[in-house]
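One structure is given here, and the rest of the page talks about it.
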Amino acid sequence: AVLDIIDGNSKVGLIGQGICIDNNDFCGEVKLYLSQDFEVPVIGFKLLGGDPLTANSITVDKDGFDSLLISAKYTFPDGSLIDVSSGGAASVLMTSDTEEGWSDWVASVEFSPFYINGFSDIKFGPDNNATPMYYDHSDKRNPQGIPSPYTNTDQTDQIATNELTWKGFYIPSIGLTLPPSLSTVNGDPLVIKAEKLIFDGGISGSVSVNNILDIGDGSLDGWYFSIDQFKIDIWKNSFKQSSLSGKVVLPVSNEYSKASNQLNYTCTLSKPNQGGLDFNFVILPKDNIDFDIFWASGNLTQGTSIQVL
């Protein structure tokens, strides 16, 4: 038997074992499978073969085609997503079982931590529930829950996920590890949950998360701080904008839990062409701050400059 991979300009042969045929037809179901891995470079797939239980296979019976099992490794295009462990192109494993054939399947996708090429400050990985991605390879349906169409924050760009023929990756939920300079007081990385991202020529998504970190738990390179809100917009692997807001306690004040010592801040994150993220903090002045190193209290007036390096 031959499986016709139309979008990959390929055909692959399948084998069967222990097939029972009576005088007229098959005795029952027949499973034909891929005996070894088969590369389909046009679409970045490696169809997995070898084990009859897990390899790509077609099941037929006396009435003809019954179902198709897809088991594949997909490698993202060079220069798009980078695997954290290997430093090479990120790849995922996908499986799907369909009764409709090659043009109509949606796969569940297993993945390992990765980052966008040239933007390693923020890393993506499975969330606490190990929520899978989904790969849409169907001309008749799209993954449940995907925004249609998919638009950026200011509605100036969109991806046609409202069309049934759209193909790509839908990410219902994923973990985002924030830059190392934003951590807990114990030095642990901060991981938040992002929802409803897609990959279509690159990662796209708008993330906004509130109440990430309490002021007694956060360390901004040694300063107590909180993250009350974090936002980031990414469009097809391009960094668009990002911001933080919360409270920070100056190193001269020992009591971080005292409200009068907590200064409100906003922070704009920017991505230069070379290097990592830049952080531009604006910390609002305040009266009656404890200056414990001087055994005194004081006021920060308008025009006071506080720099976070």
Side-chain angles (χ1 to χ4, degrees), residues 43-45 69-77 80-85 89-98 100 103-117 119 122-155 157-178 189-212 227 229-242:
I43 54 176
F45 279 24
L69 173 67
I70 293 100
S71 177
K73 178 181 179 180
Y74 175 81
T75 300
F76 289 94
S80 59
L81 302 182
I82 306 300
D83 181 80
V84 169
S85 297
S91 60
V92 296
L93 296 175
M94 58 179 70
T95 56
S96 181
D97 198 349
T98 176
E100 301 300 328
S103 64
D104 184 11
W105 53 276
V106 175
S108 177
V109 177
E110 298 179 16
F111 63 100
S112 300
F114 63 87
Y115 60 87
I116 295 171
N117 186 39
F119 185 29
I122 293 180
K123 296 178 173 61
F124 301 78
D127 64 11
N128 290 334
N129 298 318
T131 304
M133 297 185 194
Y134 294 96
Y135 175 69
D136 182 351
H137 192 272
S138 174
D139 292 332
K140 300 179 181 179
R141 57 195 168 106
N142 291 335
Q144 290 186 348
I146 189 170
S148 299
Y150 199 92
T151 59
N152 62 352
T153 303
D154 56 14
Q155 308 293 310
D157 292 304
Q158 72 174 34
I159 297 171
T161 53
N162 54 316
E163 298 180 4
L164 295 179
T165 55
W166 176 82
K167 291 181 173 64
F169 288 86
Y170 173 52
I171 310 169
S173 178
I174 195 169
L176 262 65
T177 302
L178 300 187
L190 290 177
V191 182
I192 63 173
K193 184 171 77 170
E195 297 179 328
K196 298 184 177 181
L197 279 64
I198 67 170
F199 183 93
D200 181 343
I203 289 284
S204 297
S206 297
V207 179
S208 179
V209 183
N210 296 326
N211 302 320
I212 297 171
I227 302 179
Q229 186 179 66
F230 171 78
K231 293 182 178 182
I232 187 168
D233 288 344
I234 298 170
W235 190 258
K236 293 190 174 182
N237 276 15
S238 294
F239 176 90
K240 307 299 275 186
Q241 59 184 351
S242 183

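Excluded from the calculations below are hydrogen atoms, water molecules and symmetry mates; all remaining heavy atoms, backbone and side chain alike, are included. We number each residue from 1, following the sequence as shown.
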Side chains of Ser71 and Thr95, donor plus acceptor under 3.5 Å: no
Minimum heavy-atom distance Thr153-Ser206, with the two atoms named: OG1-OG, 2.9 Å
Pairing residues for Asp200 by the side-chain hydrogen bond (donor to acceptor under 3.5 Å, both in side chains) criterion, not counting sequence neighbours: Trp166
pair Asp127-Ile174: side-chain heavy atoms closer than 4.5 Å: no
Residues Asn237, Leu81; criterion side-chain contact (heavy atoms from CB on, under 4.5 Å); working and verdict: CA-CA 9 Å; Asn237 276 15; Leu81 302 182; 3.9 Å; yes
Single hit among Ile192, Val207, Leu178 for side chain to side chain contact (heavy atoms under 4.5 Å, CB included) with Ile232: Val207
Spatial distance of atom CD1 (Ile70) from atom CG (Asp97) [nearest 0.5 Å]: 7.5 Å
Over 12 foreign heavy atoms within 6.0 Å of CD, Gln155: yes
Derivation and outcome, side chain to side chain donor-acceptor pair (under 3.5 Å), residues Ser138 and Asp104: CA-CA 4 Å; Ser138 174; Asp104 184 11; 2.5 Å; yes
Full working for ring pair (Phe, Tyr, Trp, His ring centres under 6.0 Å) between Phe76 and Phe169: CA-CA 11 Å; Phe76 289 94; Phe169 288 86; 5.2 Å; yes
Min side-chain heavy-atom separation Leu197-Ile203 under 4.5 Å: yes
Exercise: do Ser80 and Asn117 side chains pair donor with acceptor under 3.5 Å: no
Over all atoms of both residues, closest heavy-atom pair of Pro172 and Met133: CD-CA, 4.4 Å
Whether Phe45 and Tyr135 hold their rings parallel, tilted or perpendicular, with breakpoints at 30° and 60°: perpendicular
Residues, nucleotides or ligands: over 12 heavy atoms within 6.0 Å of Lys73 NZ: no
Step-by-step side-chain contact (heavy atoms from CB on, under 4.5 Å) determination, Val191 to Leu176: CA-CA 5 Å; Val191 182; Leu176 262 65; 6.0 Å; no
Heavy atoms from other residues, nucleotides or ligands near CG of Asn128 exceed 12 (cutoff 6.0 Å): no
Nearest heavy-atom neighbours spanning Lys193 and Val209: O-CG2, 3.6 Å
Side-chain heavy-atom pair Phe111, Pro126 within 4.5 angstrom cut-off: yes
Rounded distance (nearest 0.5 Å) linking atom CG of Asp157 with atom NZ of Lys240: 6.5 Å
Steps toward side-chain contact (heavy atoms from CB on, under 4.5 Å) verdict (Phe239, Phe119): CA-CA 8 Å; Phe239 176 90; Phe119 185 29; 3.6 Å; yes
Salt-bridge criterion met for Lys167 and Asp139 (N-O under 4.0 Å): yes
Smallest separation among heavy atoms of Gly205 and Tyr150, with atom names: CA-OH, 3.2 Å
Check: Val106 main-chain N/O paired with Ser96 side-chain donor or acceptor under 3.5 Å: yes
Side chain Thr131, main chain Ser173, donor-acceptor under 3.5 Å: no
Side-chain touch Phe114/Lys123, heavy atoms, less than 4.5 angstrom: no
Trace of the side-chain contact (heavy atoms from CB on, under 4.5 Å) decision for Phe230 with Ser242: CA-CA 8 Å; Phe230 171 78; Ser242 183; 3.6 Å; yes
Pair listing, side chain to side chain donor-acceptor pair (under 3.5 Å) test, anchored in residues 106-116, at least two apart: none
Heavy-atom check, side chain of Val109 versus side chain of Leu93, under 4.5 Å: no
Shortest non-hydrogen separation from Pro143 to Tyr170 and the atoms involved: CB-CD2, 3.9 Å
Rounded distance [0.5 Å steps], CD1 in Ile171 versus CD1 in Ile198: 8.5 Å
Nearest non-hydrogen partners of Ile159 and Ser204, listed with the distance: CD1-OG, 4.1 Å
Student check: side-chain heavy atoms of Lys140 and Leu164 closer than 4.5 Å: no
